[in-house]
Amino acid sequence: MAGRPASLSAREEGFVSRSSPRPPLLSLLLTVCGKPGPAGSLWVPRGDAAAAAGLRPAVGRRSPGASSVQPVPDRSERTATPGGNLRSFAYITIKDRTPQILTKAIDTLHRHKSEFFEKHGERGVEAEKKAISLLSKLRNELQTDKPIVPLVEKFVDTDIWNQYLEYQQSLLNESDGKPRWFYSPWLFVECYMYRRLHEAIIQSPPIDDFDVFKESKDQNFFESQESVIALCTHLQALASAVEGLDENQLKNEFFKLLQISLWGNRCDLSLSGGETSSQKTNIINSLEDLKPFILVNDLERLWSLLTKCKKTREKVPVTRVDIVLDNSGFELVTDLVLADFLLSSKLATEIHFYGKMIPWFVSDTTVRDFNWLIEQVKRSDHKWMSKCGTDWENYIKTGRWVYHDHIFWTLPHEFCAMSQVAPDLYAELQKAHLILFKGDLNYRKLTGDRKWEFTVPFHQALSGFHPAPLCSIRTLKAEVQVGLQPGQGERLAASEPGWLTCGKYGIFQFDGPL
Ligand SMILES: O=P(O)(O)OC[C@H]1O[C@](O)(CO)[C@@H](O)[C@@H]1O
Ligand SMILES: [Mn+2]
């Protein structure tokens, strides 16, 4: 790739330089993300520079009167890949992957019809029909690029979502009409899709607590059994040896478990359109081979931070590590194994987890998934696996592990808006000595999903979001990456056009005092 054009770097395009009036909350959102606001433009499914600025492309790009969006080459500045794939990842996601996910959700509801009948009688069947019809309507709206419509139910976050929709509307010129699926920021429409999916379910009582993704999440866990056993066995062996480890050995093990947690992030089910994506081989054996794929490696900084805390434990008895979880199934096991080790190695004394309040991006962890997985691990026939489950349950009972729910994680806002939109959550995160953000979606929200230059410092891309020292642990599955060495991104692009989105590369990217 010939690098990002200077015209797209470090500009306030599309975010702060608008003159149209905004509702008060929206103006607030613009100011909290730093003055003059995050640089770089947003990813838009049918994005070119104008669309990225929130401006509609010329009407001619859409066949007049056409009921569906025709695939057209995305001539966005980001597509200068050798070999010439002219479509952005955002476009492909909204055009292909999200309808596929909706189709799978509809199919899942169909397959549970008799279960709904057994549980709720005719009402269950009627509810299933209703949910399916709402989801089909949603799929149609998306595929035909209809306007984004407000949410209609009354859930805890309905008002804030609708305010955010107004904000998106306010970014458009009067003649542009309503925000639409293919011409709005990708992060926003992708989140909106999952929120509308949830709306379809909660509008269909008595099956309003049905998680259409539960089955796939559970399947991912079961298919990864061998790796889970290997990990639990490794963890238990480590726990019994940990006291005798010297500083270097301990550091080595810490790095190993962090890398396992990183590669666990390859198992998300949204990138694969809801298809199975589990860990079938023992990941511990692959760590050395995978090292060259770590593009940013700030592990030493995590180590020095936590060892410093450990050394001053007499003065400050609590070291708290917060983990903003991503996917359930195998990835969650890797995170819990890491969390367990942090306690047994005394690198931390308390772990706080954050999950999603509603089913999200197919495989994201909800409290139900969290509890279910621990229960499964505990009930295993395998001695060491079951020991892990018992320990984990005890950590929760004794408060060494704490699970938090917050609706902010399933809002479309980038994290620099958190201190204003969810000050209670921001205050909670401020109590941590270190926050680990798992996964790609969290990275997109940390960086605002903007077209940053690859060399922009991570600290800058966070746009004022600094609740505590933090680290993103993420495999790359979206076209945003900051903090690279000069030339690094360009070299990767030249040798591997899909490097940003294929999930093969990973980062440990830290922000905090040195
Ligand atoms: O589970 P993760 O690592 O957040 O990955 C989910 C990713 O998959 C995608 O949905 C792929 O489209 C991205 O939008 C998202 O960032
Ligand atoms: Mn996820």
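Counting convention: from 1, in listed order, for ligands and their atoms alike.
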Just let me know how [X] lines up against ligand 1, side chain, backbone, both or neither, with a heavy-atom cut-off below 4.0 Å.
X: Arg97; value: side chain
X: Asp440; value: both
X: Asp326; value: side chain

Using a 4.0 Å cut-off to any heavy atom of [X], which atoms of ligand 1 qualify?
X: Asn265; value: 3 (O)
X: Thr93; value: 12 (O)
X: Lys477; value: 1 (O), 2 (P), 3 (O), 5 (O)
X: Leu441; value: 2 (P), 4 (O), 16 (O)
X: Phe361; value: 10 (O), 14 (O)
X: Arg444; value: 13 (C), 14 (O), 15 (C), 16 (O)

Please confirm whether [X] comes within less than 3.5 Å of ligand 1 when only nitrogen or oxygen atoms on both sides are compared.
X: Asn327; answer: yes
X: Asn442; answer: no
X: Glu190; answer: yes
X: Gly439; answer: no

> Mind checking whether Phe255 and Trp303 have parallel, tilted or perpendicular rings, split at 30° and 60°?
Replying inline: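 Phe255 and Trp303: perpendicular rings.
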
> So, Asn327 and the Mn ion (ligand 2): N/O/S under 2.8 Å, yes or no?
Replying inline: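 A backbone or side-chain N, O or S atom of Asn327 is under 2.8 Å from the Mn ion (ligand 2).
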
For the ring pair [X] and [Y], is the centre-to-centre distance below 6.0 Å?
X: Phe370; Y: Tyr403; value: yes
X: Trp263; Y: Phe293; value: no
X: Tyr91; Y: Trp186; value: no

>> Can you give me the closest heavy-atom contact between Ala131 and Leu109, atom names plus distance?
In response: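 Scanning both residues completely, I find the closest heavy atoms to be CB-CD1, 3.9 Å.
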
> Of all the N, O or S atoms in Asp364, which one sits nearest to the Mn ion (ligand 2)?
Replying inline: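 In Asp364, the heteroatom (N, O or S) nearest the Mn ion (ligand 2) is OD1.
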
> Nearest to the Mn ion (ligand 2), which N, O or S atom of Asp326 do we find?
Replying inline: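 The closest N, O or S atom of Asp326 to the Mn ion (ligand 2) is OD1.
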
> Of Phe458, Phe415, Tyr354, which is the lone residue that meets ring-ring contact (aromatic ring centres under 6.0 Å, His included) with Phe437?
Replying inline: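 Single pass found, and it is Phe415.
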
>> Is there a side-chain contact between Trp181 and Thr144 in this structure, where contact means two heavy atoms from C-beta onward sitting under 4.5 Å apart?
In response: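 Side-chain contact under 4.5 Å: no.
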
>> Less than 4.0 angstrom from a charged side-chain N to a carboxylate O is my criterion; do Asp322 and Lys431 meet it?
In response: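 Result for this pair is no, no salt bridge flagged.
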
> Would you call Asp369-Lys356 a salt bridge at under 4.0 Å N-O?
Replying inline: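 Not counted as a salt bridge, because no side-chain N and carboxylate O are separated by less than 4.0 Å.
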
>> I'd like to know whether ligand 1 has Trp186 as a neighbour, heavy-atom separation below 4.0 Å.
In response: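 Contact present.
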
> Which of these passes side-chain contact (heavy atoms from CB on, under 4.5 Å) with Leu138: Val149, Leu102, Thr98?
Replying inline: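 Considering Val149, Leu102, Thr98, a side-chain contact (heavy atoms from CB on, under 4.5 Å) with Leu138 is found only for Leu102.
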
> Just checking, any donor-acceptor pair under 3.5 angstrom between side chains of His112 and Glu215?
Replying inline: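 Judged by distance alone, the side chains do pair up.
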
